[in-house]
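To start, the structure itself, in structure tokens.
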Amino acid sequence: MATRAPERAAPPRRPGGKRRLTGRHWRHMVDVKASPYAYVAPFFLLFCAFGLFPIGYTLWVSLHEWTLLDDEHTFVGLENFRVLLADSYFWNATFNTLSIGLLSMLPQLLLALWLAHLLNRPLRAQNFFRITLLLPNVTSVVAVVVIFSQIFGRDFGLINWVITSFGFEGVAWRDGTLSSHVAISTMIMWRWTGYNALILLAAMQAVPRELYEAATIDGASSFTQLRKVTVPMIRPTIAFVVITSTIGSMQIFAEPLLFGAYTLTGGQDRQYQTLSLFFYENYMRLDFGFSSAISWMIFVFILIIAGINYLLTNRMKGSIR
Amino acid sequence: MSHPPRRRAARLLVPLIAASLLAAACGGGESTPAPGAASGGASAPAEPVKLTVALFSDFHYGPLYEEFKKTHPNVEITERRAQFNDHHNNLVTQVATGAGAADVVAVEGGFIATFREVADKFHNLGDYGLSSRQSEYLDWKWQLGLSKDGSQLIGLGTDVGGLAMCYRPDLFKEAGLPTNRDEVSALWPTWEQYVETGKKFVAAGGKAAFTDGPGEHFRAMVEQAPVGFYDTSDKVVVGSNPDVRKAWDISVSMIQNKLSGKLVAFTPEWTTGIAKGTFATMVCPAWKTGVIKDQKPGEGTWDIAAVPGGGGNQGGTHLLAPKQGKHPKEAAELINFLTSKESQLTLWKDASALPSLPALYTDPAVAEFVNPYFGDAPIGKIFTDAAKALKPQYTGPKSGDVNVAMGNGLGRIELQGQDPEEAWKQAVADSEKIK
């Protein structure tokens, strides 16, 4: 935005043979200079009202002892943050968030890449397959979690039924840390793999065909082509997918909440309580000061991760050029 | 370049207007006028009055509104409904921001303590003559409707959720235990005897567990004690209250004697287990009979006996009038009407809402009511007996959260294998952290 404005504003000064500012001319100047701002204004006004202001106000609230029903809000400085950083449940939630995020993201990315690669060739009923990929994403998250909670059930779940039919002991998916993370990651993967595959597919279609032809002539297998041609060519898109899914994974909420049958602690041992759920638990106690501190820490985490991503992406772009 | 100037001006103006409209719309959002405020200026007696009633499910109030309008022809009533959690969260926000609340609101037992803390945000129904109804009510139910210091009456009770013990006669028969509900009730006058019965059940070697999980039992035991999680000065006394420790120990012995099916209420395994018979007993507030029925275990599969330890309650609702309402007199009259003896009897018949007025418990419609789905169990009598037997206990502001913390502790013992003493320490520490 800041870099574009001067470029746009520059042209009208040049064609000035006549210097007189007629009404028409003046309107033209205003039009050229002001309308770009007017066009983008709705977004920025809304962003200020619903994005920037809440972020700032949350910071203000987080510096107070603030419960919703109390009229008095005492200023306590960074006390909420001190308590939060000393709270082992907060770090537990951070660990769970990262663990579920990684467990869902890595397989998801590989799977999406593979699916996109399969679809990136002449196929019958191509559109059918592409739309099918998107279907899990348009399904309500509640429906997805309810179904998967049944599948991962301890006593009557489909997966345990298969496991026990092979003579092994069934898994209490909800009770273990790793097992519950796997279950939740599966739900996330189910919803987002197809969506990411479509984005990657779009990028793959922009890769020049000649490269593949040359590779085929050189005797490269389909897998080698994927590894040596496709992936390097679509790196920026891969980076985009990684960034959006990391930010998404910081906000995992509905899956653990519903998987635990609406318990806010994410299991008795908080074994699958994510940061968002930890925030929600404290919010539901109407402890706004403390929960604001939590949401600010989540914000800081996202900034850090976005920063790391930004550095990595820059490096990747550099290696392509 | 050949656009006529007017069109260019339009091109410039349209987004500007759009932007300013949006800005105006956003600015307007901060001061949504309270519903019903439109008629606020009126003061003439015959002036029409609009009342809104906010509920969290269908309370079957429709016919009662019509009845009320016969004596109050100037009152118009609209009803709003929201999902259970949303309803209470909305109400907290509306009370905190001073706008948007209905004239009459329903508050469930799990949330009433939150609003008793801020009694000044509600009309004192005592000012409108409703204190006179105290003698009609179950004592503990009445106490819940008072402000924390007892000086104000902020709500009148509607229904209660009397407690019982649901059990499966078929599994009891397999284990060689009696199946008749009176004999079953006689097995466990106390919780210790309930555990003993469970041991016999387990010793018989059936596949099913004796009960779902210890959480609900723990809660019921604590609520039967004279003092619960809080003392009257709102201090959490979990760690020092011997009754809480006793309830904990009995719950732990349920786990250690393998009475528990390691099930958490409302998880898929639990709901499926109701129909499949993975456990033989569960603590049953009146409303849980509906949950059982929904799982379609079959008629007569579950039966209902008395809860050990003498009486109990879970849930039940009060009607309150937020102070932002402009028609406190009419709101109070409506609350009085909706909670009256006649209305509560109608609601028992229409919506199976257990009355909170003991005078109704001898009414044949309640006392002789049997439910064929539960082997013709006289549920009216069982549940009202439980509600009557319950002694009032002071409920602190965050009792629900403390209960979750303690229940999680018990869950950790049986699901994650935590040492009971460690689980106790952690649960007590968690409870004391709750502000």
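So that the names make sense, note that chain A is the first sequence line, chain B the second, and so on, each numbered from 1.
Interface residue Glu269(B): backbone and side-chain heavy atoms are both found under 4.5 Å from chain A. In this structure, the portion of Asp287(A) lying under 4.5 Å from any heavy atom of chain B is its side chain and not its backbone. Heavy atoms of Val92(B) lying under 4.5 Å from chain A belong to its backbone as well as its side chain. For Tyr89(A), the part sitting under 4.5 Å from any heavy atom of chain B is the side chain, from C-beta outward, and nothing else. Using a 4.5 Å cut-off between heavy atoms, Leu286(A) touches chain B through its side chain atoms alone. Proximity to chain A involves both the backbone and the side chain of Lys262(B), based on heavy atoms less than 4.5 angstrom apart. Neither the backbone nor the side chain of Thr97(B) comes within contact range of chain A, judged by heavy atoms closer than 4.5 Å. With a 4.5 angstrom heavy-atom cutoff, Tyr262(A) touches chain B only via side-chain atoms.
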Derivation of the side-chain contact (heavy atoms from CB on, under 4.5 Å) call for Leu264(A) and Val404(B): CA-CA 9 Å; Leu264(A) 304 186; Val404(B) 170; over 6 Å; no
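At a heavy-atom cut-off of under 4.5 Å, chain B is reached by Glu65(A), Leu68(A), Leu69(A), Asp71(A) from residues 62-72 of chain A, listed in order of number. Residues of residues 169-181 of chain A having a heavy atom under 4.5 Å from any heavy atom of chain B, listed by number: Arg174(A), Asp175(A). Using a 4.5 Å cut-off between non-hydrogen atoms, the part of residues 76-88 of chain A that approaches chain B consists of Asp87(A).
Atoms CG and CE, from Asn85(B) and Met284(A) in turn, are 5.0 Å apart once rounded to the nearest 0.5 Å. Separation of atoms CG (Asp155(A)) and OG1 (Thr278(B)) is listed at 6.0 Å; rounding is to 0.5 Å.
When the candidates Val264(B), Ile434(B), Val95(B) are compared by the number of heavy-atom contacts under 4.5 Å with chain A, Ile434(B) comes out ahead. Of all the listed residues (Lys276(B), His88(B), Glu117(B), Gln418(B)), the one sharing the greatest number of non-hydrogen pairs under 4.5 Å with chain A is Lys276(B).
For residues 268-279 of chain A, every residue pair satisfying the side chain to side chain donor-acceptor pair (under 3.5 Å) rule, not counting sequence neighbours, is listed here: Arg270(A)-Gln273(A), Arg270(A)-Glu281(A), Gln273(A)-Glu281(A).
More than 12 heavy atoms of other residues, nucleotides or ligands lie within 6.0 Å of CH2 in Trp287(B), so this atom counts as buried by the packing criterion.
Here the closest non-hydrogen pair linking Phe156(A) and Gly273(B) is CE1-N, 4.0 Å.
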